[in-house]
Amino acid sequence: MKKYCFGIDVGGTTVKCGLFDVSGELLDKWEIPTRTEDNGVHILPDVAETIMAKIAEKGLEREEIAGVGVGVPGPVNEAGEVPCAVNLHWGYVDIAGDLGRLTGFPVRAGNDANVAALGELWKGGGAGHHSMIMVTLGTGVGGGIIINDRIVAGAHGAAGEIGHAHVEDAITEPCNCGNCGCLEQVASATGIVRLARELLASTNAPSALRDTEVTAKAVWDAVKEGDALAIQVAERFGTYLGKALAVFAAVSDPEIIVIGGGVSKAGEILLDYVTGPYRKYAFSMCRQTEFALATLGNDAGICGAAKMVL
Ligand SMILES: [Zn+2]
């Protein structure tokens with residue numbers, strides 16, 4: 001009788017681990033360091049070791065374990081193979097095969113942003129739905145697309161990389177991906193700072209942002225205070241993101257769009273600036289798509305990873 005499963009979220013500095021029961025309740029969570037030295041060869045053996053240690057600690061039977069789900073920061077194909085994950089110093093790694101051999105359990109693997117999206121669909125902002133676009137607004141812009149409860153991975157494991165959709169011809173500075181004018185350059189935390197700096201430089205209008213270090217949080221705090229310049233920044237951000245989401249919705253027709261990541265801590269006010277442009281540009285059938293904020297925070301990765309094996 002399968003009673004438990006593990007959800008593992010491998011990051012560049014720590015591996016977040018969760019023990020779940022098959023109904024989805026998180027029973028225990030902990031972290032181990034990510035050892036990226038020696039081309040990351042220790043990462044999967046370390047994960048196997050911590051899983052085995054937890055099974056022993058909790059007195060679980062091997063037969064009770066349904067499997068292990070793993071999210072990693074890099075492209076992952078349907079077979080659970082990674083061609084390359086820069087942050088882990090990995091070249092080609094067969095996660096499902098290697099970790100399966102190390103643990104003896106069934107293993108499923110996915111890209112971390114896609115896996116976090118699955119977590120939000122299962123237990124978070126997208127709960128109760130089956131098709132969703134998730135956008136993670138952090139230092140960069142991540143994304144995950146779920147259609148009929150399944151992660152869309154694509155031919156190269158690159159589906160859902162919505163942060164690298166081209167949205168602005170005027171930007172000539174390169175994005176981390178090498179292209180110019182990506183959504184990430186105008187809608188991430190650093191992108192919002194870029195928009196604010198541009199606007200501050202283009203006018204002498206007074207703003208609370210002139211007297212403080214310009215961060216995404218400072219911009220949203222100023223928006224909440226009614227600062228006219230900060231509101232213009234929020235409108236530009238919302239137009240870029242809302243317009244882009246209208247395009248993605250025309251491709252994937254989600255029931256709900258969930259926005260997470262550090263920038264989403266601004267709260268419901270952020271959705272107000274995105275939904276207007278979205279509804280203006282969306283195809284008529286998708287115009288009333290629901291919007292919600294993510295609710296799982298850092299647990300989205302381990303939750304989605306666990307869900308992959310259930
Ligand atoms: Zn890019």
Side-chain angles (χ1 to χ4, degrees), residues 9-13 36 71-77 82-91 110-117 120 132-146 151-199 214-217 219 233-252 254 257-264 266 270 273-274 277-278 281 294 300-301:
D9 183 10
V10 181
T13 52
T36 54
V72 296
V76 183
N77 69 17
V82 177
C84 172
V86 179
N87 292 343
L88 304 181
H89 301 183
W90 276 359
N111 165 268
D112 56 359
N114 291 347
V115 168
E120 286 289 341
M132 177 182 97
I133 295 175
M134 164 112 189
V135 195
T136 305
L137 306 175
T139 320
V141 172
I145 297 171
I146 312 278
I151 291 171
V152 179
H156 309 92
E161 285 289 352
I162 61 186
H164 301 290
H166 178 85
V167 297
E168 178 54 83
D169 292 341
I171 295 175
T172 52
E173 188 190 327
C175 175
N176 290 326
C177 73
N179 290 350
C180 299
C182 291
L183 180 62
E184 178 161 302
Q185 292 181 282
V186 291
S188 62
T190 42
I192 291 170
V193 169
R194 164 200 296 274
L195 297 178
R197 290 219 175 101
E198 275 175 12
L199 210 55
V214 180
T215 61
K217 181 175 187 304
V219 170
V233 175
E235 285 170 352
R236 290 190 59 193
F237 154 85
T239 301
Y240 281 120
L241 184 56
K243 248 184 178 174
L245 287 169
V247 174
F248 308 145
V251 178
S252 60
I257 295 171
V258 175
I259 300 184
V263 174
S264 72
L270 181 142
Y273 285 92
V274 179
Y278 172 83
Y281 295 107

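Just follow the structure's listing: the first ligand is 1, and inside any ligand the first atom is 1.
The two residues Cys182 and Cys177 have their closest heavy-atom pair at SG-SG, 3.6 Å.
Using a 4.5 Å heavy-atom threshold, the side chains of Tyr240 and Leu195 count as touching. Here the side chains of Val263 and Leu270 are in contact, with some heavy-atom distance below 4.5 Å. Inter-residue side-chain proximity for His166 and Asn179 is flagged as unmet; no heavy-atom pair is nearer than 4.5 Å. Gln185 has its side chain out of reach of Glu168: every pair of non-hydrogen atoms, C-beta onward, lies at least 4.5 Å apart. Put simply, the side chain of Val152 does not reach to within 4.5 Å of the side chain of Ser252, judged on heavy atoms.
Any protein N/O/S atom under 2.8 Å from the Zn ion (ligand 1) was counted, giving 4 altogether.
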